[in-house]
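Heads up, the thing below is written out as structure tokens.
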There are 2 protein chains.
Amino acid sequence: MTDATPHGGQPSPPLPRVRLVDVAREAGLSKTTVSAALNGTGRLSPAVREKARETARRMGYRPNATARRLRAGRARLIGYVVGEFADVPWTSLESPYFARLTAATAATSLRRGYAVVLLPAGSLQSEWADLSLDAVIVADPVADDPVVEDLLAARIPVLSDRSVEGRSGAYWVDVDAGGAVGEALDHVRAQGARRPVLVVPDSTTRFHTEVCAAHRAWCAAHGAPERVVRAGSPGNGPVIRAVETALAGDPAADGARPDALLVVAEASPPLVLDAVRRLGLDVPGDVLLVCVSEDVTAEHTEPPVSTLSLRPEAIAEAGAEILVAVLEHGDREPSGVLVPTRLDVRASSVRPAQPAYTSRPPT
Amino acid sequence: MTDATPHGGQPSPPLPRVRLVDVAREAGLSKTTVSAALNGTGRLSPAVREKARETARRMGYRPNATARRLRAGRARLIGYVVGEFADVPWTSLESPYFARLTAATAATSLRRGYAVVLLPAGSLQSEWADLSLDAVIVADPVADDPVVEDLLAARIPVLSDRSVEGRSGAYWVDVDAGGAVGEALDHVRAQGARRPVLVVPDSTTRFHTEVCAAHRAWCAAHGAPERVVRAGSPGNGPVIRAVETALAGDPAADGARPDALLVVAEASPPLVLDAVRRLGLDVPGDVLLVCVSEDVTAEHTEPPVSTLSLRPEAIAEAGAEILVAVLEHGDREPSGVLVPTRLDVRASSVRPAQPAYTSRPPT
DNA sequence: TTGAAAGCGCTAACAA
DNA sequence: TTGTTAGCGCTTTCAA
């Protein structure tokens, strides 16, 4: 259909939105007065303010956000991209961590008056260059992510993880990877494990890099063998195979089998547990298990799996805080926040009171 | 925090954006000419058009989307909200189905020039009333969802599932639930199952209602006992318990144990499989298993689990198509599309080649 | 073929 | 205390 909607006329199909001027006319006031009344600004007599508000309400007035945005010079729009796995557009949101980070970011931002625009991973810069975003959140970018470069070049503030530290216009919130790994390893050590093994995807993500560094430091500090098995790529399949490799025992370490498994990859806890069992090992009897995961299935396995939560909601909250400060108050100081993780200890990483070898009566 | 200017305050740091008028001045042309050159409209000499474009490129000109939107009278913004479980904001995105639907919606819409604004489930209408959304996609609303009512009352086009059928301004895309259930039941029947049981959450979602109706019809048509076990609520815990109940055998049906299990709930396939095994049953030997799920973990279990995919990408595509038609061409005809599902048959629902009782040589 | 001017709906100086 | 007016940056008649 031809959208014969010039202006002034009364086009039959389209909906005639109530504008500020309509309310003003109806109330016998000026646009300015009504605007001030509705926004709580200016100095108006309570009577007039009430009248303006009442009329607006009665007429079902809804301010035109676009006009406001133009006037304000800020779109109140924040872009959101997940940087990793740019070639597989939907993988990222499927991870419980990103799902929760995304939802929490949207909720927190909206509460502060900013709408979050979902940018598909792998979308071309040209697709969102014309959106007039006030800022963009790049969740978990790869090292030297080109997306980040483009954004900064376009002078759009970027919120990301520590990988952007020190760059103008780049702000960050990051997981305390070091603390996380330390906490998890301390825990399994306290439960008696002496040969923990780390499974981590072969990713250039800042988080995974930090995890490996922290692991190395911890092993050195505790005189533990530094055992790491890398999954070729993220995703359940490779991680499961890495778990199998990890538990096969390390020939370089006298073939001794690891007694604790720390999986730092968004793998499904029940799948990890099944993999361990298929090797004929008991959890937690033979091996203690801790997964870095937000996956709720961890609570429903037998035994429930201990998890290390990266606390996506806290990260989203901290990020929104920083971005709003930058956008509203013009903070230009590079700044960042480190969010601590949370270890949820469940049966999979608690050494049974009576280990198998002591429960056998002595011959 | 006392922020005297709710909306529209001038931001402190003046970002010197290049405007159209700057390009015009630089090129020695008028705004009109440059605008036409950049948009490919009007009748301009190739030389002038090229000059305008070159200058714009050189100066790094980026059109102000907000101004465009104001001028166009359309914000080119589509809201996206997941209706179910409004009280648990992040649960929905965690489901692989919604995750993929969300990502695909964002990608498809953006490709057509519309940005998708993520609206947290459970957010108040007041929070997004001021966003000037052109339309809102309500994914999987509950029956008579109040969100839908509010939207339609505000005369904002709504895209949802069939539950909105026939209402002015409401358009839909829906899963072919009937076909899906039929396909799955036909499949297990072909594999020899005669006593299938359906596990479905106790939800008022259109999809689940349809599933039950289709199941009833199928059972009647095939003279099969109509066995349904309802999970108290979505989420893995309740669904797992429902699976246990389902396989305990139905006293009302001579206590015969079901020989096929169709789980129509976004439960984790490995968890479902574990639950079946804990009952001492073999899959697919004792019971065939099919889960309605987009969960990729289904491929990684032992045996892999057959799944019925709702094809979220196809749904997103169809939805965007309809919405764009409405928004751009003013189609006001109520319209909808039914998207077929896809059954991915894996080992969990294929009767082993030599069932136990036929493998015995005849005496 | 190009340019001047009029708004889109809103907010905020500045008058009255 | 309230109203008038001038734009925010862009697209689009309409005139030159």
Side-chain angles (χ1 to χ4, degrees), chain A residues 3-9 11 14-25 27-53 55-56 59 61-76 130-132 134, chain B residues 3-11 14-25 27-52 55-56 59 61-76 130-132 134:
Chain A
D3 57 339
T5 320
H7 49 247
L15 42 154
R17 274 279 289 237
V18 179
R19 298 158 307 165
L20 189 63
V21 66
D22 298 322
V23 177
R25 191 160 24 217
L29 297 167
S30 77
K31 291 195 314 181
T32 312
T33 307
V34 177
S35 173
L38 265 29
N39 291 329
T41 56
R43 303 152 293 280
L44 301 165
S45 69
V48 170
R49 171 155 292 164
E50 188 42 47
K51 166 155 204 177
R53 288 186 165 159
T55 310
M59 298 178 73
Y61 169 72
R62 289 270 151 242
N64 181 315
T66 308
R68 282 183 154 181
R69 294 176 163 114
L70 178 59
R71 178 63 236 234
R74 247 183 307 127
R76 290 193 161 268
D130 292 354
L131 286 177
S132 288
D134 294 331
Chain B
D3 192 343
T5 52
H7 283 88
Q10 292 289 356
L15 258 272
R17 274 277 287 237
V18 179
R19 297 159 307 164
L20 187 63
V21 66
D22 298 322
V23 177
R25 190 159 26 215
L29 297 167
S30 77
K31 291 195 316 179
T32 313
T33 308
V34 178
S35 173
L38 265 29
N39 292 329
T41 57
R43 303 152 292 278
L44 275 57
S45 68
V48 170
R49 171 154 290 164
E50 187 43 47
K51 165 153 203 180
T55 310
M59 298 178 74
Y61 169 72
R62 288 267 150 245
N64 180 316
T66 308
R68 284 184 149 179
R69 300 203 240 260
L70 178 59
R71 182 59 238 242
R74 249 180 311 122
R76 301 194 85 89
D130 292 355
L131 286 177
S132 290
D134 294 331

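Chain A is the first sequence line, chain B the second, and so forth, proteins listed ahead of strands; every chain is numbered from 1. Worth saying up front: this structure is predicted, and the values here are computed from it rather than measured.
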Notebook entry, point to check: Once you round it to whole Å, what is the distance between P of dT4(D) and CG of Leu29(A)?
Noted result: 11 Å
Next item on the list: Apply salt bridge (Lys or Arg N to Asp or Glu O under 4.0 Å) to Arg49(B) and list each qualifying residue two or more places apart in sequence or on a separate chain.
Entry: none
Item checked: Lys/Arg N to Asp/Glu carboxylate O, Arg76(B) vs Asp134(B), below 4.0 Å -> no
Margin query: Just the rounded figure in Å: distance from P of dA12(C) to CG of Leu38(A).
Written below: 13 Å
Check: Does Arg53(A) have any salt bridge (Lys or Arg N to Asp or Glu O under 4.0 Å) partners at least two apart in sequence or in another chain, and if so, which?
Finding: none
Note to self: Return a single string for nucleotides 8-16 of chain D, one symbol per nucleotide in 5' to 3' order, where B is base contact, S is sugar-phosphate-only contact and - is none, cutoff 4.0 angstrom on heavy atoms.
What the structure shows: BBBBBB---
Notebook entry, point to check: Does a side-chain N or O from Thr33(A) land closer than 4.0 Å to OP1 or OP2 of dG3(D), or not?
Noted result: yes
Item checked: For Ser35(A), side chain to side chain contact (heavy atoms under 4.5 Å, CB included) partners two or more places apart -> Leu20(A), Asn39(A)
Margin query: Going by the rule side chain to side chain contact (heavy atoms under 4.5 Å, CB included), which residues pair with Asn64(B) if we only count those two or more places apart in sequence or in a different chain?
Written below: Ser132(A), Thr66(B), Ala67(B)
Notebook entry, point to check: Leu131(B) has an atom CG; how far is it from atom P of dC10(C), in whole Å?
Noted result: 15 Å
Checklist line | Non-neighbouring partners of Val21(B) that pass side chain to side chain contact (heavy atoms under 4.5 Å, CB included), sequence neighbours left out | finding: Arg19(B), Arg25(B), Lys31(B)
Item checked: side chain to side chain donor-acceptor pair (under 3.5 Å) involving Thr55(B) - partner list, sequence neighbours excluded -> none
Check: In chain order, what residues pass the side chain to side chain contact (heavy atoms under 4.5 Å, CB included) check against Ser30(A), with sequence neighbours excluded?
Finding: Thr32(A), Thr33(A)
Checklist line | Rounded (10°) bend between the five-pair end axes of the helix from dT1(C)-dA16(D) to dA16(C)-dT1(D) | finding: 50°
Check: Can you tell me how far P of dT4(D) sits from CZ of Arg25(A), to the nearest Å?
Finding: 13 Å
